[in-house]
Amino acid sequence: MKGTMRAAVAHRLGIPLSIEHLPIPSPGPGEVLVKIRASGVCHTDLHAVQGDWPIQPSLPFIPGHEGAGVVTEVGAGVKHLRSGDPVGIAWLHDACGHCEYCISGWETLCERQRNSGYSVNGTFSDYAIADAAYVARLPDNCDFIALAPILCAGVTSYKGIRETEARPGEWIAISGIGGLGHLAIQYAKTMGLHVAAIDISESKLALARSLGAEIVVNANDASALEDIRRATGGGAQGVLVTAVSPSAFTQALGMVRRKGTISLVGLPPGEFATPIFDVVLKRITLRGSIVGNRQDLAEAVAMAAYGKVRAQVEPFPLSQVNAVLDRLRVGGIEGRAVLDMSLVA
Ligand code: NAD
Ligand code: ZN
Ligand code: ZN
């Protein structure tokens with residue numbers, strides 16, 4: 001018995017997480033035990049605890065899938081990791097490794113994947129179990145709090161931008177400037193794109209401007225779509241939708257240029273209206289995008305480690321996780337809230 005750890009546990013959907021002391025788990029074959037130093041709080045964690053999606057999480061569970069920490073124990077057969085290695089635990093906890101998706105670099109589409117903080121326990125805890133083959137490698141002496149948001153918000157934004165196929169010098173419109181969107185602006189700038197930012201909150205738009213967005217537009221303005229089309233000379237070649245609102249998905253169709261691609265990343269429950277005539281005659285591509293594979297994750301981390309992208313974080317102790325989720329629900333977090341496991345309150 002290794003002792004106990006603090007963990008935030010969902011026993012039922014739609015009620016606050018309970019902070020408990022649980023036994024520290026032991027890694028099985030192919031697994032590692034990670035001492036979590038910091039865990040970002042993604043809007044997906046809120047969808048999970050609210051039970052927003054058609055597939056429900058397995059109860060009880062510990063949410064969290066932006067866990068940055070250090071390996072403290074390796075399970076049988078793990079040869080490439082050792083105690084002391086800094087690693088990240090992301091949404092893709094593990095996958096089958098041999099299906100058509102896994103063998104072609106699309107392990108994020110594996111039908112047998114398991115997801116951290118959803119179908120297996122996640123990282124809102126002092127320790128978490130990871131599959132050694134799926135952890136992100138982090139640089140030595142890294143800033144765990146700054147890198148935690150890269151493990152989901154960062155990689156998802158980076159991949160979602162690439163999925164628009166916008167080229168350097170072209171425009172990307174980023175709808176939703178929250179945890180994902182504020183990183184997306186920075187990835188897009190680093191990738192040579194012009195950036196238009198759209199949100200419903202003036203403070204998020206001010207953040208977007210400070211991060212280098214050339215155009216900022218409030219989605220609630222009557223002229224929002226016209227403003228974007230005019231400033232981009234006919235619409236953005238790429239549109240990335242991270243907003244937690246179905247109406248933002250319909251709006252995206254009014255921002256995209258002919259022949260452009262809309263990368264759909266936000267996951268509000270619901271549906272959105274799609275004007276068939278516009279999509280067909282303008283040859284618009286609508287493309288879903290889900291996190292990123294392990295190579296995408298390595299690249300997203302590398303760009304942050306290089307200093308090209310930096311999450312704006314607000315740290316909280318684990319004990320305040322329910323207050324963080326309440327603020328996230330009303331759009332009250334600027335950048336990313338991160339649970340700093342060294343804070344005791
Ligand atoms: P967040 O709460 O930090 O940010 C959401 C932002 O959307 C906020 O700034 C909010 O003001 C803005 N917004 C709300 N309504 C809007 C509208 N009508 N137009 C423009 N902006 C609007 O959330 P987050 O952590 O960045 O996550 C965003 C979404 O992405 C969530 O639904 C989450 O589940 C999803 N997500 C998807 C993936 C994926 O792989 N596809 C990965 C991570 C998160
Ligand atoms: Zn996430
Ligand atoms: Zn598979």
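The shown structure was predicted, so the numbers you read here are calculated from the model rather than taken from an experiment. Note that ligands are numbered from 1 as they come in the structure, with each ligand's atoms numbered from 1 the same way.
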Legend entry - ligand 1 contact by Ala153, heavy-atom criterion under 4.0 angstrom: no
Legend entry - Angular separation of SG (Cys110) and SG (Cys102) seen from the Zn ion (ligand 3), to 10°: 110°
Inset, instruction - To the nearest 10 degrees, calculate the angle at the Zn ion (ligand 2) involving SG of Cys42 and SG of Cys152. - result: 130°
Inset, instruction - Starting from atom 4 (O) of ligand 1, find the nearest protein heavy-atom neighbour and note its residue, name and distance. - result: Gly178 CA, 3.2 Å
Legend entry - Atoms in ligand 1 flagged as close to Thr156, the criterion being non-hydrogen separation under 4.0 Å: 38 (C), 39 (C), 40 (O), 42 (C)
Legend entry - Interfacing atoms of ligand 1 (cut-off 4.0 Å, heavy-atom, Gly266): 29 (C), 30 (O), 32 (O), 35 (C)
Inset, instruction - Just jot down the ligand 1 atoms closer than 4.0 angstrom to any heavy atom of Ser175, in number order. - result: 20 (C)
Inset, instruction - Verify whether the ring centers belonging to Tyr118 and Trp53 lie closer than 6.0 Å. - result: yes
Inset, instruction - Mark up the atoms of ligand 1 that fall under 4.0 Å of a heavy atom belonging to Cys152, in ascending order. - result: 42 (C), 43 (C)
Legend entry - Shortest protein heavy-atom distance from atom 5 (C) of ligand 1, along with the residue and atom involved: Val244 CG2, 3.6 Å
Legend entry - Heavy-atom nearest neighbour in the protein, as seen from atom 34 (O) of ligand 1, with distance rounded to 0.1 Å: Thr44 OG1, 2.7 Å
Legend entry - For atom 20 (C) of ligand 1, the option (of Val155, Leu183, Leu207, Asp199) bearing the nearest heavy atom: Asp199
Inset, instruction - Run the salt-bridge test on Glu299 and Arg162 with the 4.0 Å N-O cut-off and return the result as yes or no. - result: yes
Legend entry - Heavy atom of the protein closest to atom 22 (C) of ligand 1 (residue, atom name, distance): Ala243 CB, 3.5 Å
Legend entry - Sub-4.0 Å atoms of ligand 1 with respect to non-hydrogen atoms of Val291: 39 (C), 40 (O)
Inset, instruction - Could you list the atoms of ligand 1 found under 4.0 angstrom from a heavy atom of Ile290? - result: 39 (C), 40 (O), 41 (N)
Inset, instruction - Answer yes or no on whether Lys159 is positioned over the face of Trp106, meaning its NZ or CZ is under 6.0 Å from the six-membered ring centre and within 45° of the axis. - result: yes
Inset, instruction - Might you confirm whether atom CZ of Arg112 has over 12 heavy atoms from other residues, nucleotides or ligands at distances under 6.0 Å? - result: no
Legend entry - Side-chain donor-acceptor contact under 3.5 Å, Gln237 with His194: no
Inset, instruction - Could you check atom 14 (C) of ligand 1 against the protein and tell me its nearest heavy-atom contact, residue, atom and distance included? - result: Ile200 CD1, 3.8 Å
Inset, instruction - Check if Ile177 has a non-hydrogen atom at a distance under 4.0 Å from any atom of ligand 1. - result: yes
Inset, instruction - Return a yes/no value for Leu328: is any of its N or O atoms, backbone included, closer than 3.5 angstrom to an N or O of ligand 1? - result: no
Inset, instruction - Indicate yes or no: does an N/O atom of Leu264 lie under 3.5 Å from an N/O atom of ligand 1? - result: no
Inset, instruction - Output the list of atoms in ligand 1 that are nearer than 4.0 Å to some heavy atom of Arg336, sorted by atom number. - result: 24 (P), 25 (O)
Legend entry - Top protein contact for atom 29 (C) of ligand 1, by heavy-atom distance: Thr242 O, 3.3 Å
Legend entry - Top protein contact for atom 18 (N) of ligand 1, by heavy-atom distance: Ser245 OG, 3.4 Å
Inset, instruction - Look only at interatomic distance and state if Gln251 has a nitrogen or oxygen under 3.5 Å from any nitrogen or oxygen of ligand 1. - result: no
Inset, instruction - Verify the distance criterion only: is there a donor paired with an acceptor across the side chains of Asp94 and Gln113 at less than 3.5 Å? - result: no
Legend entry - Any N, O or S atom of His43 closer than 2.8 Å to the Zn ion (ligand 2): no
Legend entry - Polar atom proximity, Leu267 to ligand 1 (N or O, under 3.5 Å): yes
Legend entry - Sidechain N-carboxylate O distance under 4.0 Å for Glu170, Arg257: no
Legend entry - Distance-only donor-acceptor check, side chains Asp45 and His65, under 3.5 Å: yes
Inset, instruction - Check all N, O or S atoms of His65 and name the one closest to the Zn ion (ligand 2). - result: NE2
Legend entry - Nearest neighbour in protein (non-hydrogen) for atom 24 (P) of ligand 1: His43 CB, 3.6 Å
